[in-house]
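Beneath this line is the structure, given in structure tokens, with notes to follow.
Both counts, for ligands and for their atoms, begin at 1 and track the order of listing.
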Amino acid sequence: MDKLRIRGGRPLIGDIQISGAKNAALPLLAACLLSDETLTLTNLPHLADISTMANLLAQHGVDIRLNGDEGAGSQGRTIELNAGSITSLEAPYDLVRKMRASVLVLGPLVARFGQAKVSLPGGCAIGPRPVDLHIKGLQAMGAQIEIEGGYVLAKAPAGGLTGAEFVFPQVSVGATENLMMAACLAKGQTTLVNAAREPEIGDLAKCLIAMGAVIEGAGTDRIRITGVDRLHAATHEVVGDRIEAGTYAMAAAITGGDLHLLGGKLDHIRAVATALVPAEVVFQETEQGFRVRRANGALHGVDVMTEPFPGFPTDLQAQMMSLMCVAQGASMITETIFENRFMHVPELMRMGANITVHGSSALVRGVPKLTGAPVMATDLRASVSLVLAGLAAEGETVVNRIYHLDRGYERIEQKLSACGADMERLRETS
Ligand code: EPZ
């Protein structure tokens with residue numbers, strides 16, 4: 001398994017091109033199942049998770065054409081997807097278990113073909129991650145659903161799904177996306193109440209509307225969809241990745257550097273910028289994106305609590321913790337979205353961090369410096385938090401199992417090395 005060797009202590013200075021968002025591209029890819037005409041997506045990031053979703057769609061019988069260099073410049077790649085001749089309505093366990101976002105094929109398959117057999121995704125490192133809200137929402141639209149042998153067996157009535165009002169008992173990004181897609185082809189109006197408001201939801205709605213869907217309120221907590229008979233071809237540019245941008249913003253802050261994040265949208269991480277003002281990190285909007293640097297040298301500890309958008313994103317919690325490890329003073333970091341998202345803590349402590357976990361909160365006491373060490377990546381965002389710590393640490397850090405990293409960060413060592421990082425990928429032949 002590949003490793004990443006980092007020699008820390010060098011400020012990162014320069015421009016980084018932000019790629020298309022993984023968490024927008026995944027539902028956008030699944031949306032192709034809603035039409036028999038071609039969906040073209042541009043600015044597609046070159047990531048392992050994207051390949052996994054493309055493989056899943058291909059085994060359903062989707063015709064896929066992929067062109068353009070891997071992450072070349074700001075263009076990303078272009079993919080053409082045609083679900084005009086679907087051959088299978090089953091999403092098998094061996095593919096779904098690799099990436100739980102595969103469950104996003106459920107809504108489109110039931111809505112367009114009247115049935116689907118999708119493996120339950122199972123949990124992952126950060127929690128059990130059930131899909132009960134996806135199921136309850138489809139049942140509200142008339143789908144008959146059974147769980148059998150680890151699979152969700154879903155069947156729409158003969159006339160297809162019917163619009164319904166569904167109130168989410170808790171905010172769910174994936175369930176909002178699944179139900180919004182299914183509702184596009186349901187009969188009548190669907191209202192999703194307490195819907196997720198993440199920018200990726202808005203991006204998906206923008207694409208569905210370009211395909212002919214009738215959707216209002218995406219980006220608010222109340223989304224209204226009026227079903228149509230069919231969706232048609234469209235071309236859509238994947239929105240920039242706010243989590244990648246937020247991650248590199250923290251890379252600038254933790255190394256005392258100055259990064260210009262091209263294509264980054266400050267509005268998509270406003271909660272992060274606001275949280276970091278008292279930490280003395282400066283975000284400055286520019287024509288091409290936004291710049292991030294420290295105000296006057298010192299970092300100060302601040303408290304954060306993760307929340308659904310527009311709150312502080314759970315996907316930047318681990319990165320924030322790394323930053324707070326070298327701040328002056330203490331910081332209380334509370335994770336409210338996932339049950340087990342502190343696995344970066346023991347690894348950061350190996351590097352000299354001073355962190356005490358109490359349930360869903362971690363108290364971080366800033367230390368003058370971290371020291372490089374061999375560490376283990378456990379999940380996507382935990383692994384990048386270790387990269388950030390390694391960039392700031394004195395000495396050498398080797399991050400193991402960086403396949404986690406490759407799921408969500410396109411060309412990370414190229415992007416950071418171009419700004420002065422001393423990083424090298426060690427390919428394991430074994
Ligand atoms: C999406 O996951 C993202 N993944 C996650 O990013 C992100 O952390 C998460 O939203 C929250 O923002 C993609 O978009 C592909 P949820 P999702 O449904 O949709 C519980 C990353 O690092 N829940 O909003 O799976 C769930 O267990 C990944 O890029 C139910 O109980 O998240 C969690 O505690 C990690 N029942 C909470 O809701 C359900 O049916 C929020 O989950 C669904 C969710």
Check whether any N or O atom of A101, backbone or side chain, sits under 3.5 Å from an N or O atom of ligand 1, and answer yes or no. no
Any donor-acceptor pair under 3.5 Å linking the side-chain atoms of H134 with those of N178? yes
For atom 32 (O) of ligand 1, which of the options F338, F168, F309 provides the nearest non-hydrogen atom? F338
Shortest protein heavy-atom distance from atom 1 (C) of ligand 1, along with the residue and atom involved: V173 CB, 4.0 Å
Could you check atom 15 (C) of ligand 1 against the protein and tell me its nearest heavy-atom contact, residue, atom and distance included? N23 OD1, 3.4 Å
Output the list of atoms in ligand 1 that are nearer than 4.0 Å to some heavy atom of H134, sorted by atom number. 40 (O)
As a check for students: among D379, I337, D315, L133, identify the option with a heavy atom nearest to atom 28 (C) of ligand 1. D315
What protein heavy atom sits nearest atom 20 (C) of ligand 1, and how far away is it? Q170 NE2, 3.4 Å
Show me which atoms of ligand 1 lie under 4.0 Å from any heavy atom of V131. 39 (C), 40 (O)
Positive for side-chain contact (heavy atoms from CB on, under 4.5 Å) with V152, one of L138, L120, V103: L120
For atom 43 (C) of ligand 1, which of P130, P169, G174, S102 has the closest heavy atom? P130
Does A175 approach ligand 1 within less than 4.0 angstrom via side chain, backbone, both or neither, non-hydrogen atoms only? neither
For D221, is there an ion pair with R197 - N to carboxylate O distance below 4.0 angstrom? no
Can you tell me the protein heavy atom closest to atom 2 (O) of ligand 1 and the distance? R129 NH2, 3.4 Å
Would you indicate whether M305, at its atom CE, is surrounded by more than 12 heavy atoms from other residues, nucleotides or ligands within a distance under 6.0 Å? no
In terms of side-chain heavy atoms, does S361 have a donor or acceptor partner in T334 at a distance below 3.5 Å? yes
shortest atom 36 (N) of ligand 1-to-protein heavy-atom contact is with D132 OD1, 2.7 Å
For the pair Q59 (side chain) and E90 (backbone), establish whether a donor and an acceptor sit closer than 3.5 Å, ignoring hydrogens and angles. yes
Atom 11 (C) of ligand 1 [closest protein heavy-atom partner, distance rounded to 0.1 Å]: T314 CG2, 3.9 Å
Evaluate whether atom OH of Y93 has more than 12 neighbouring non-hydrogen atoms of other residues, nucleotides or ligands under 6.0 angstrom away. no
R341 and E335 ion-paired at < 4.0 Å: no
Residues in salt bridge (Lys or Arg N to Asp or Glu O under 4.0 Å) contact with E80, at least two apart in sequence or another chain: none
Nearest non-hydrogen contact to atom 22 (O) of ligand 1 from the set Q317, H404, R381, E177 belongs to R381
Near K22 (heavy-atom distance under 4.0 Å), the atoms of ligand 1 are 21 (C), 29 (O)
Is D267 salt-bridged to R270, going by a charged N under 4.0 Å from an acidic O? yes
Which protein heavy atom lies closest to atom 18 (O) of ligand 1, and at what distance to 0.1 Å? S172 OG, 2.7 Å
If you count the atoms of ligand 1 from 1 in the order shown, which ones are under 4.0 Å from a heavy atom of R341? 8 (O), 22 (O), 35 (C)
Give, for atom CG of D241 and atom OH of Y409, the distance between the pair rounded to the nearest 0.5 Å. 7.0 Å
Using heavy atoms and a 4.0 Å limit, tell me yes or no: is R100 in contact with ligand 1? yes
